[in-house]
Amino acid sequence: MQVFIDRIRAAIAAHSGLDAAELKIESPRDPSLGDLAFPCFPLAKALRKAPPAIAAELGEKLTGDLEGISVEAAGPYLNFRIDRGTLAAQVLGTIQEEGEGFGGSDEGSGKTVVLDFSSPNIAKPFHVGHLRSTILGATIQRLHDALGYRTVGINHIGDWGSQFGKLVAAIQRWGDEVDLEGDPIRSLLTLYIRFHDEAENDPELVEAGRAAFRELESGEEGEVRATWRRLTELSLAEFDRIYQRLGVSFDHVRGEAFYEPYLEPTIERIRASGITEESEGALVVRLDEYEKGAPPCLLRKTDGTTLYATRDLAAVFHRWDEFAFDRCLYVVGSDQRLHFRQLKYVLRRMGLDWESRVEHVDFGMLSLPEGKLSTRKGQVVFLEDLLDRAVEQAGAIIAEKNPDLADPERVAEEVGLGAVVFHDQKRERVKDVVFDWDEVLSFEGETGPYVQYTHARLASILRKAVEKGLEAAELAPESLAGLADSGELLLTLGRFPTVVRSAAAEAEPSIVTRYVLELAREMNSWYANHRVLGGDPEESRARLALVRGAKIVIGNGLRLLGVAAPEEM
RNA sequence: GCGCCCGUAGCUCAGCUGGAUAGAGUGUCUGCCUCCGGAGCAGAAGGUCACAGGUUCGAAUCCUGUCGGGCGCACCA
């Protein structure tokens, strides 16, 4: 697709003297007008002529310049139509050649992207609120992988901070009353809630919590540290089960505690740059020169212990020192926008030019119809419950619609998880979400299973073609002329690499989701109106080539999103 | 109070970073299984792009203000 755009740009540039790279080529609103369009408005000022006149003149000059592309002026627009055989051969040829790699490129080779995502807190249940960071982060990593970047996915586990002092204190007091080994997450949650309830009227308990965190941070290898270690191990084992099911993995699992040895050097590094000051007994960096009313960044509390921001600063320095990244993406909820702005301001005040490479890939907050998520109030949906229900429902539909399916359990897992994972990437990241069971568990319309179904049907057609001994046509313009009425679909297929590129650049998986939905919709409509097998053999072979290409692209899109592309369902 | 984000069909969302007549899904209504898989296809209906100004050849898109919603605002993470 890009080759046609490049050729058009070059031709226009040759006749207008404009820079080819700056020419905006777009799609006409009405596909019957053409495949690509160039609006002539931007030329009007330079040439001191009316856009329609420019279009007409330019159209005249371009005619004949572009082999396989016809030109037509329509008002102020110049519309281009690519010969269908040429288009089909180019698009399907590229797909066939690149296969699972189609959509990717090597534009990122030599560049490194660090991604911080998922990052759940130890001792808390993994619920639907944690799903977005995990899924979005994993997809953004795959998008960059596809573009040839070296990627480093880091799970920045929340395993440090004063809440662990509280937890340790609670375990010391009531640890015998719960089944810590048997049901760790639930037990820890019970203890955490109890701590907060009782701490309100028990200053001694509060102090015990503080003391425990001080001991933890002191590095002393005592009982507190041993307890904290055990907590971490128990929680990680639970998280791993979920990651495995979702097919998510990390290059590094580094809790906040990992950066513990770097805390003091980090504080020194910032202090050495001369931007720190004492304020009310705490060590802070003022940031209001960048933003009116921006609160200062606290590096050290009055009691000498560090904060979240200190640890994140230590982490970002460590990552820079280790990876010298070109991008460092934090896939973290929008409730932490201020935190990341502060983080970047500190780097900016230190005069570090790589500050702009650090990006907060924020996403909207999830709530339930009855209000905010609250583990303590029981207002949560546990992720495993959601996944189980989705899979169960997929299983029920399979039993009804396709009882002879070979491996129904596996496919139910693929489709059920597909629905959940796809749904979480459907809208723009920034949008807040109200969790709705019916919406997530829907398998019709703009859903993962709809796209998977399209893929499975294309696979089915290809299987049947093999049975009949039909082969796809040679990918040459002459043999693909039968696809003359399938231009829109070919254009959509050809657009995929652009989709992948902008989804990665904007760290926006929904661009891929929307694309894959559009392609599935067009494909469904197409094969409802175009019989692939059983007609004229030449036509069948050409259409088979299109089916093969579409199946590859849909499969690639789904895989980028972390959704399985079943051959049958 | 201050800051950031969001506001498009009844509902959930797109709208290609300023271009041609604002599009999907869902819900409602209507058709389509002697035909490659009906988790599907085709059609009808549904709009003051929150509101008011501004910028220019042109604004859902950019700027300002108002209203509504979300999130955040020094010793939590």
Side-chain angles (χ1 to χ4, degrees), chain A residues 24 26-30 33 37 39 41-42 44-45 50-51 74-77 79 119 121 158 160-163 166 256 279-284 291-303 305-309 311-312 333-339 341 362 364-365 367 372 394 397-398 400-402 415 419 426-428 430-434 436 438-439 442-454 456-465 468 495 498-499 502 506 510-511 514 517-518 520-521 524-535 540 543 547 568-569:
Chain A
K24 189 177 176 186
E26 51 188 50
S27 312
R29 173 155 304 285
D30 182 353
L33 291 168
F41 303 100
K45 268 200 183 113
Y77 290 88
N79 292 324
S119 311
N121 288 324
W160 204 249
S162 51
Q163 82 258 32
K166 295 173 186 172
E256 294 182 67
S279 172
E280 299 168 36
L283 186 68
V284 308
E291 186 181 315
K292 187 178 62 172
C297 178
L298 266 80
L299 298 178
R300 203 203 295 281
K301 295 192 276 191
T302 314
D303 70 1
T305 57
T306 59
L307 290 109
Y308 180 49
R311 278 167 249 137
D312 253 0
S334 60
D335 53 343
Q336 294 192 37
R337 277 186 181 133
L338 177 61
H339 166 72
R341 249 185 292 146
D362 60 341
M365 304 309 289
S367 60
K372 282 188 177 192
I397 294 175
I398 289 167
E400 179 201 329
K401 303 201 176 200
N402 197 357
V415 173
K426 206 165 94 180
R427 37 197 141 201
E428 249 185 322
V430 293
K431 298 283 202 318
D432 289 342
V433 183
V434 177
D436 179 344
D438 291 342
E439 196 184 302
S442 166
F443 291 3
E444 292 170 13
E446 295 182 324
T447 66
Y450 169 78
V451 180
Q452 291 176 315
Y453 175 74
T454 310
R457 283 198 60 183
L458 296 176
S460 170
I461 292 173
L462 292 173
R463 279 194 303 272
K464 290 209 160 60
K468 295 191 174 197
R495 224 175 66 216
T498 315
V499 168
S502 54
E506 293 170 42
S510 71
I511 294 175
R514 310 273 358 156
L517 279 169
E518 181 189 337
R521 199 186 316 121
N524 266 299
S525 176
W526 181 85
Y527 64 54
N529 298 307
H530 295 75
R531 180 143 260 281
V532 178
L533 309 173
S540 284
R543 289 179 177 177
V547 167
E568 287 181 83
M569 63 188 268

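Below, chain A is the first sequence line, B the second, and so on; all start at residue 1.
- The phosphate of B:rA14 has neither OP1 nor OP2 within less than 4.0 Å of any side-chain N or O from A:R427.
- B:rC41: Watson-Crick or G-U partner is B:rG31, with both key distances under 3.5 Å.
- Under 4.0 Å is where a charged nitrogen must lie from a carboxylate oxygen, and between A:R427 and A:E439 at least one such pair does.
- Across every non-hydrogen atom of A:A282 and A:L298, the tightest pair is CB-CD2, 4.2 Å.
- Minimum atom distance to the side chain of A:N79 is reached by B:rA20, of the listed B:rC6, B:rC73, B:rA20.
- As the counterpart of B:rG7, B:rC67 is assigned, both hydrogen-bonding distances of the Watson-Crick or G-U wobble pattern falling under 3.5 Å.
- A:Y527 has no side-chain polar atom (N or O) that falls below the 4.0 Å cut-off from OP1 or OP2 of B:rA42.
- At B:rA42, one or more side-chain N or O atoms of A:S525 fall inside 4.0 Å of OP1 or OP2 (strictly under the cut-off).
- Both A:N402 and A:P39 lie close to RNA chain B; mapped to their nearest nucleotides by heavy-atom distance, the more 5′-ward contact belongs to A:P39.
- Distances from the side chain of A:F443 to the nucleotides B:rC13, B:rA20, B:rA39 place B:rA39 closest.
- Pair check for B:rC62 finds B:rG54; Watson-Crick or G-U wobble, both atom distances under 3.5 Å.
- Under 4.0 angstrom from either OP1 or OP2 of B:rG37 there lies at least one side-chain N or O belonging to A:K464.
- For the OP1/OP2 pair of B:rC76 and a distance below 4.0 Å, the side-chain nitrogens and oxygens of A:K301 include at least one atom meeting the criterion.
- Between A:Y308 and the phosphate of B:rA77, there is no side-chain N or O to OP1/OP2 separation shorter than 4.0 Å.
- Here B:rA20 is the nucleotide among B:rC6, B:rA39, B:rA20 with the atom lying nearest to any side-chain atom of A:A37.
- Side-chain N/O atoms of A:R457 include none lying less than 4.0 angstrom from OP1 or OP2 on B:rG37.
- Nearest to the side-chain atoms of A:R337 among the listed nucleotides B:rC5, B:rA14, B:rA39 stands B:rC5.
- Under the Watson-Crick and G-U wobble criteria, each requiring two contacts below 3.5 Å, nucleotide B:rG1 is paired to B:rC73.
- Because its glycosidic torsion is more than 90° from 0, B:rC73 is reported here as anti.
- Nucleotide B:rU17 is shown with a syn base, its glycosidic torsion being within 90° of 0.
- In this structure, B:rG46 forms no base pair with any nucleotide, since neither Watson-Crick nor G-U wobble geometry is met with both distances under 3.5 Å.
- Searching all strands for a Watson-Crick or G-U wobble partner of B:rA24 with both distances below 3.5 Å returns B:rU12.
- Each of A:V532 and A:E506 lies near RNA chain B, and the nucleotide nearest A:E506 is the one positioned closer to the 5' end.
- Side-chain to base pairing of A:S162 with B:rA77: no donor and acceptor N or O lie closer than 3.5 Å to each other.
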